[in-house]
J.: 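I'd like to ask some things about the structure below.
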Amino acid sequence: MEPSKAPEAFLRPYNPAEQEPRMLELWEDSGYANPDVCVEKGVIEPDAEPYSIVLPPPNVTGTLHMGHAAMLAIEDILIRYHRMRGYKTLWLPGTDSAAIATQSKVETDIYKKEKKTRHDLGREELLKRIEQFTDESKATIINQTKKMGSSLDWSRYAYTMDEERYAAVMEAFVRMYDAGLIYRGDRIVNWDPKLQTTVSDDEIEHVEQKDPFFHFKYGPFDIGTVRPETKFVDKYVVMHPEDERYAQYKHGQTIEVEWINGPITATIIKDKAADMSFGSGVMTITPAHSAIDFEIAQRHGLDMERVIDDRGILLPIAGEFAGMHIKKARALIVDKLKAKGLIAKVDEGYMHNVATNSRGGGIIEPQIKRQWFIAVNKKAKFPDGKTRTLKEWMRHAVESGEVGIMPERFEKIYYHWIDNLRDWCISRQIWFGHRIPAWFKDDEVKVQAGSPGEGWEQDPDTLDTWFSSGLWTFSTLGWPDDTHDMKTYHPTSVLETGYDILFFWVARMVLMSGFLLGEVPFRKVYLHGLVRDGSGRKMSKSLGNIIDPLTMVEKYGADAARLSLVIGASMGNDVKLSEDRVRGYKHFGNKVWNIARFVLENQQDPRGPSSGRPEDGPLGEEDRLLIVEAHTVAKQVSEHIDRFRLDLAADQVYHFVWDRFAAEILESSKPILKGDDAAARQGRAAALSEILGISLKILHPFMPFVTEAIWQQLPQKESDLLMVAKWPV
RNA sequence: GCACCCUUAGCUCAGCUGGUUAGAGCGUUCGAUUCACAUUCGAAAGGUCAUAGGUUCGAAUCCUAUAGGGUGCACCA
């Protein structure tokens with residue numbers, strides 16, 4: 001008797017490196033990632049319910065990291081699952097220009113190689129260099145994204161700086177300006193002296209630092225500071241109105257004090273911002289260089305004099321220290337105060353937090369500047385006819401349940417962020433980005449997309465990168481035109497991203513979509529955790545603990561890499577990833593491959609081949625029960641996915657396939673398949689191939705490659721690609 | 001400082017609305033192997049569920065406090 005054989009293509013072990021590129025090609029050629037093609041080819045009903053996700057666009061500055069890989073895996077699972085369930089499914093790809101990050105990277109590179117600054121090159125030349133860089137970088141990241149098996153519709157690819165998106169940004173700005181929500185004003189902003197630009201509140205990172213803390217004698221008061229260089233013009237003494245210790249001083253009262261550059265007339269200000277429990281409870285203020293001091297000064301109508309210029313150099317008001325950089329001046333000022341006997345004491349080693357620009361910039365110096373802002377507390381008329389503020393809208397969108405955030409605990413954080421939100425500074429002094437559509441001629445200002453004509457000059461500033469990102473769910477669908485895609489796919493079904501980006505992005509999309517469209521940008525926000533190394537540390541270059549997703553794909557296959565990022569990753573919690581885990585899931589891929597080999601071999605049993613179709617085979621009672629069991633598992637998997645518990649869904653498929661299907665069902669089938677009862681043999685073979693089919697389907701969203709590769713070997717299949725096969729219901 | 005999360009086997013984590021002897025993967029130890037499986041199979045060892053109280057017939061699960069770890073926000077002169 002001839003031993004049965006698996007089809008030729010079933011070489012073992014399963015080799016992802018060989019199969020994956022072939023599957024990618026099959027998928028790409030099919031065009032099924034494009035819902036229009038699916039409808040055209042009849043795999044999806046024309047009136048099917050839409051399901052859409054817009055990919056959070058990776059920055060063009062770099063290459064794919066594990067965080068991206070996790071995002072791609074999760075979204076692809078949702079997308080493939082819904083496509084198989086018959087939804088008109090769109091997953092829209094894009095890349096982000098990441099203005100500040102990109103420009104500063106290119107600038108750094110140029111300076112390293114050519115010792116030239118952007119001012120040496122000029123605006124036009126720098127933009128040209130940036131474009132070169134982003135073109136290359138874009139190609140890399142797109143290529144890497146594809147390798148993960150992401151079934152994105154590349155025919156709809158968008159880039160934040162392309163023409164359509166640029167037009168959308170201009171339109172949005174003009175509309176918001178006309179509605180009075182965008183204004184130009186002099187307010188205190190976060191100034192980065194290194195990158196020479198403003199930075200938004202959210203891009204600031206507080207870094208712990210040790211500095212000496214000085215106690216100065218300011219007349220009868222003890223004043224503390226770590227920044228003596230800002231103190232030249234301090235002529236207001238602020239204390240809490242209920243502070244008993246200073247009850248003898250009256251608000252508005254003036255006193256003469258000896259100070260750095262001679263005597264000064266100080267005014268007493270009573271304000272609740274002073275913390276009675278901190279130090280002496282008394283402080284002097286520098287409104288031009290501190291957000292809190294600025295607010296106090298605003299409340300009381302006080303003078304706000306600048307002491308430090310944009311480069312961090314002391315202005316003439318500093319007297320003998322004028323023209324000096326603050327870093328240098330600090331020690332000299334302290335020396336002088338010491339000489340004058342104005343230092344009460346110094347605490348060395350005072351730990352405090354310093355604001356830095358998280359986008360690779362320097363230490364933030366608050367400055368008062370004329371910038372463009374979005375007013376978050378101003379009422380405006382929304383497209384739905386209601387009048388409200390942006391803040392009210394953002395709160396409403398989540399409170400009403402129109403947007404659901406998962407895990408739910410992040411809703412609290414979202415509200416907290418909104419409550420503390422101040423007017424959003426959207427102008428930047430960098431060159432790479434969307435130009436502000438404001439035009440100046442003498443004292444006149446016009447806000448419109450194109451030039452108003454001769455003699456008008458455009459604002460040299462560009463927009464905060466998050467401004468254009470806020471439009472992303474609809475600028476990618478053709479807005480401001482009333483396109484078919486807009487009508488079909490907006491609001492999108494899910495926005496899936498890391499929880500670290502909730503404020504930067506999610507809240508701003510809600511804001512923009514609400515005001516410009518009168519609707520939410522997405523129904524659900526699903527937040528995944530961060531990918532950390534095996535011992536829970538953040539992956540970083542300096543720690544040398546980076547696991548590169550592409551290396552994992554090469555070594556173990558994309559299926560294994562995807563599974564390792566999904567199983568054990570409950571929503572909102574961080575995932576610890578080690579190479580061992582990825583390797584473990586490669587074994588699983590091989591297991592699935594071999595299960596298929598076995599099932600197919602037995603279909604080709606020379607003693608009486610089964611058709612492999614259950615309706616043709618004489619299914620016994622047990623065969624039927626086994627099939628029912630597989631359907632039950634499929635149903636549970638669906639329920640898990642519907643509840644966004646992808647970790648549980650993946651875990652369940654994994655265990656069903658390995659422990660139940662392979663270890664028990666196949667093992668117990670062996671005697672039957674080898675037995676002499678032809679009817680029993682046929683029935684069981686048919687049942688096994690049915691269970692294999694169901695297993696491949698429910699496994700496909702998680703491990704698209706190996707399952708599709710097996711599907712291609714099936715002697716008869718209900719659809720040309722597993723990618724568009726019907727999900728078992 | 002305020003808020004949130006975590007603490008379960010050597011390691012990484014499940015265990016959701018309280019209900020038999022607390023589970024998985026990896027690792028360890030022992031054994032099997034002409035078999036779809038070089039990546040296989042079977043078995044074993046291993047846990048005061050951070051600690052202390054409370055609610056309950058019953059708590060890993062709910063409540064309170066404490067300790068340790070993490071994150072976000074706010075920063076203070």
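Letters A, B, ... are given to chains in the order of the sequence lines, protein chains preceding strands, and every chain is numbered from 1.
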J.: Please test A/Tyr249 against A/Phe221 for ring pair (Phe, Tyr, Trp, His ring centres under 6.0 Å), starting from the C-alpha separation and ending with a verdict.
T.: CA-CA 11 Å; A/Tyr249 298 100; A/Phe221 305 111; 5.0 Å; yes

J.: How is A/Arg645 classified with respect to the nucleic acid when contacts are heavy atoms under 4.0 Å: base, sugar-phosphate, or nothing?
T.: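 The answer is sugar-phosphate, as A/Arg645 gets under 4.0 Å only of primed atoms, P, OP1 or OP2.
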
J.: Would you mind reading off the distance between A/Lys412 atom NZ and B/C73 atom C1', rounded to a whole angstrom?
T.: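 To the nearest whole Å, that distance equals 14 Å.
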
J.: Which whole-number value in Å describes the distance from A/Asn590 CG to B/C41 P?
T.: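 Distance check: A/Asn590 CG to B/C41 P gives 11 Å.
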
J.: Look at all strands and tell whether A/Ile285 reaches a base, only sugar-phosphate, or nothing, counting heavy atoms closer than 4.0 Å.
T.: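 Contact class for A/Ile285: none.
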
J.: Suppose you measure atom C1' in B/A22 against the same atom in B/U29; what distance do you get, rounded to whole Å?
T.: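 Taking atom C1' in both B/A22 and B/U29, they lie 23 Å apart.
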
J.: Taking C-beta and beyond as the side chain, do A/Phe656 and A/Glu629 meet within less than 4.5 Å on heavy atoms?
T.: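 In short, these two side chains touch, coming nearer than 4.5 Å.
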
J.: For B/A36, does the base pair up with any side-chain atom of A/Glu667 as donor and acceptor (N or O, under 3.5 Å, distance only)?
T.: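 Such a pair is found, so the answer is yes.
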
J.: Once you apply a heavy-atom cut-off of 4.0 Å, does A/Val282 come out as touching a base, just sugar-phosphate, or nothing?
T.: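 Nothing, no heavy atom under 4.0 Å.
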
J.: Between B/A32 and B/U51, how far is it from one P atom to the other, in whole Å?
T.: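 Between the two P atoms, the distance is 41 Å.
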
J.: Could you please name the partner base of B/U12, counting Watson-Crick and G-U wobble pairs only when both distances are under 3.5 Å?
T.: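 Pairing partner: B/A24.
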
J.: Watson-Crick or G-U wobble partner for B/C73, using a 3.5 Å limit on both distances?
T.: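 Base-paired to B/G1.
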
J.: Phosphate oxygens OP1/OP2 of B/C41: is one of them under 4.0 Å from a side-chain N or O of A/Lys591?
T.: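 Yes.
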
J.: Could you state the CD1-C1' distance from A/Ile413 to B/C4, rounded to the nearest angstrom?
T.: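 Rounding to the nearest Å, CD1 of A/Ile413 and C1' of B/C4 are 6 Å apart.
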
J.: Can you check the distance between B/U66 and B/A24, where both ends of the measurement are the C1' atom (answer in whole Å)?
T.: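 It works out to 32 Å between them.
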
J.: Can you tell me the pairing partner of B/U64 across any strand shown, Watson-Crick or G-U wobble, with both distances under 3.5 angstrom?
T.: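 WC or wobble partner is B/A52.
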
J.: OP1 or OP2 of B/C4 sitting under 4.0 Å from any side-chain N/O of A/Trp417?
T.: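 No, A/Trp417 has no side-chain N/O under 4.0 Å of OP1/OP2 on B/C4.
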
J.: Which nucleotide, B/A77, B/A74, B/A36, lies nearest any side-chain atom of A/His206?
T.: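 Closest of the options to the side chain of A/His206: B/A74.
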
J.: Which one is paired to B/U39, where only Watson-Crick or G-U wobble pairs with both distances under 3.5 angstrom count?
T.: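 Across any shown strand, B/U39 pairs with none.
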
J.: Could you tell me the separation between the CZ atom of A/Phe661 and the C1' atom of B/U40, rounded to a whole number of Å?
T.: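 These atoms are roughly 17 Å apart.
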
J.: Any side-chain heavy atom of A/Val238 sitting closer than 4.5 Å to one from A/Lys270?
T.: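 Heavy-atom side-chain distance check fails, nothing below 4.5 Å.
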
J.: With the threshold set at 4.0 Å, does a side-chain nitrogen-carboxylate oxygen contact exist between A/Asp559 and A/Arg562?
T.: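 Between A/Arg562 and A/Asp559 there is no salt bridge, as every charged N stays at least 4.0 Å from the carboxylate O atoms.
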
J.: Go through the N and O atoms of the side chain of A/Lys231 and the base of B/A77, and report whether any donor-acceptor pair is under 3.5 Å.
T.: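 No, the side chain and the base share no sub-3.5 Å donor-acceptor pair.
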
J.: In whole Å, measure the gap between the C1' atoms of B/G23 and B/G47 for me.
T.: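 Roughly 11 Å separates the two C1' atoms.
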
J.: A/His655 has an atom NE2; how far is it from atom P of B/G15, in whole Å?
T.: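 About 14 Å, once rounded to whole Å.
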
J.: Taking a pair as Watson-Crick or G-U wobble with both distances under 3.5 Å, which nucleotide is matched to B/G47?
T.: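 With both distances under 3.5 Å required, B/G47 matches none.
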
J.: Salt-bridge test for A/Asp202 and A/Arg508: reply yes if a basic N is under 4.0 Å from a carboxylate O, no otherwise.
T.: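 The answer is yes: the pair qualifies as a salt bridge.
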
J.: Could you give the CZ-to-P distance, from A/Arg409 to B/C4, as a whole number of Å?
T.: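 After rounding, the reported distance stands at 12 Å.
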
J.: A/Ala662 near the nucleic acid: base, sugar-phosphate alone, or nothing, with a heavy-atom cut-off under 4.0 Å?
T.: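 Base contact.
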
J.: Can A/Lys670 be said to sit on top of A/Phe598's aromatic six-ring, NZ or CZ under 6.0 Å from centre and within 45° of the ring axis?
T.: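 A/Lys670 over A/Phe598 ring: yes.
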
J.: Quickly work out the A/Trp593 CH2 to B/A38 C1' distance and round it to whole Å.
T.: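 Taking CH2 of A/Trp593 and C1' of B/A38, I get 16 Å after rounding.
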
J.: Establish, from distance only, whether the side-chain atoms of A/Asp211 and A/His352 form a donor-acceptor pair under 3.5 Å.
T.: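 Yes - a donor-acceptor pair under 3.5 Å links their side chains.
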
J.: Can you see if the side chain of A/Tyr350 gets near the phosphate of B/A77 - specifically, an N or O under 4.0 Å from OP1 or OP2?
T.: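 Yes, within the criterion.
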
J.: For B/A60 and B/A9, measure between their C1' atoms and round to the nearest Å.
T.: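 So the two C1' atoms sit 14 Å from each other.
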
J.: Name the closest nucleotide to the A/Asp275 side chain, picking from B/A77, B/U40, B/G42.
T.: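 The nucleotide sitting nearest to the side chain is B/A77.
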
J.: Roughly how many Å apart are B/G1 and B/G58, using the P atom of each and rounding to a whole number?
T.: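 The same atom, P, in both gives a distance of 38 Å.
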
J.: Roughly how many Å is it from OH in A/Tyr654 to C1' in B/C13, rounded to a whole number?
T.: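 Distance check: A/Tyr654 OH to B/C13 C1' gives 14 Å.
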
J.: Taking atom C1' in both B/C6 and B/A77, what distance in whole Å separates the two?
T.: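 The answer is 36 Å between these two C1' atoms.
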
J.: If we take the P atom in both B/A50 and B/C2, what is their distance in whole Å?
T.: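 Each nucleotide's P atom is 25 Å from the other's.
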
